[in-house]
Amino acid sequence: MTQEKKLDTARLQAYAQAYGQSAALMSAVELGLFTAISEGAGSIPAIAEALEIHPVNAERLVTMCVALDLIEIQDSGFVNAPDVDRFLVQGSHRYAGDWMLFTKPAWNEWGRLTDHLRATDLRLLPDIAGYTVEQARAYHEATYSIGMGAARRFARQVDLSGRSKLLDLGGGSGAYCIVAADTWPDLRAVVFDLPPVAEVAREFIAENGVSDRVEAIAGDFTADPFPNDADVVVMASNLPMYGPEMIAKVIAKAHDALLPGGEMHLIGETLNDDRRGPVSAAFWGLGQALSETTGMAHSEVDCVGYFETAGFRGVAVQPFVEGVLTRITGFKAA
Ligand SMILES: C[S@@+](CC[C@H](N)C(=O)[O-])C[C@H]1O[C@@H](n2cnc3c(N)ncnc32)[C@H](O)[C@@H]1O
């Protein structure tokens, strides 16, 4: 006889209260908790002093972080978990604290998700299309470190030696172009992004000393023509900002603009083909409801379809960051 599993509300409660986990991580980053621990603050009094907060609040925050496996308890006192130590200690070039806070400006709007889900008049362009240069700068100060990490990973996975020009659609800070120019000395690269972002990209490009080979062009990839002298196109981390028709259209435009024999790489937060996850892709898709656009999560098989309909050959799906990002590639006929 099969025993029916007794149901309880534990899982449901955990989801209902999960925002407390987000808040704890974000506050720990804002207060510099993990940096203080890495600098030797291993007890509640030492942490309270370093963060300039009440010891009771230090105990509350540390207890939550221990429960979330962000902090470990060792004989010597509190220590950071290995991933926290690598990515959330200020001063390291790997510091990703800004990225942990990237979605925080939308915090209040998540609290109004129900209202947003009732919207019926959905817009085409994401919020960033209405940003000022200052807002675009703040946005890309948060994407820059994680973008550089992703770009380095791309440069390890893909060999662009022999290629002449990379066109990065929605290239943001320019991370992929900057790393590509550093990696392949004969390659030129173009960040193609909305006007305020292109201005910010030029700042990152100059800071990295690659202005001689990397430029930023202001344009809307849904509407404006693409340069037609690139033999590589990259489009990274903007997939859920648009619905299927628009992504298909942009990929078709990229195919037509590419030089014969060129290649395209789409790096995005994709759903599995059965659309049962992962949560991270579903999260970015649902998040588009806050800006009341037609953006949504796309599956791997959806993306392969966009590529093949556009005319790309040899279309392949590769894991990019396991469980988080996928890379879909295709080649234009020579
Ligand atoms: C999350 S950022 C990713 C930036 C960069 N690809 C990276 O991986 O670091 C998404 C970028 O897509 C750009 N974008 C969105 N819609 C766009 C459009 N219609 N035309 C040009 N760029 C667009 C945004 O301005 C933003 O810079």
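Both ligands and their constituent atoms are indexed starting at 1 by order of listing. Model, not experiment: these values are computed from the prediction.
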Tell me, which pairs form a ring pair (Phe, Tyr, Trp, His ring centres under 6.0 Å) where one or both residues lie in residues 40-91, sequence neighbours left out? none
Quick test of your reading of the model: are Arg152 and Asp182 salt-bridged, counting only N-O distances below 4.0 Å? no
I'd like the atom pairs linking ligand 1 to the protein - N or O on both sides, separation under 3.5 Å - with distances to 0.1 Å.
from	atom 1	to	atom 2	distance (Å)
ligand 1	6 (N)	Gly170	O	2.9
ligand 1	6 (N)	Ala236	O	2.8
ligand 1	12 (O)	Asn238	ND2	3.2
ligand 1	16 (N)	Tyr242	OH	2.7
ligand 1	19 (N)	Asp220	OD1	2.8
ligand 1	19 (N)	Tyr242	OH	2.9
ligand 1	20 (N)	Phe221	N	2.8
ligand 1	22 (N)	Asp193	OD1	3.3
ligand 1	25 (O)	Asp193	OD1	2.6
ligand 1	27 (O)	His140	NE2	2.8
ligand 1	27 (O)	Asp193	OD2	2.7

Enumerate the side chain to side chain donor-acceptor pair (under 3.5 Å) contacts for residues 308-320, please, sequence neighbours excluded, ordered by first and then second residue. none
Could you check, using the six-membered ring where one of them is a Trp, whether Phe154 and His265 have ring centers closer than 6.0 angstrom? yes
In short, ring pair (Phe, Tyr, Trp, His ring centres under 6.0 Å) pairs touching residues 225-250 with sequence neighbours left out are Phe192-Phe226, Phe221-Tyr242
Lys/Arg N to Asp/Glu carboxylate O, Glu109 vs Arg112, below 4.0 Å: yes
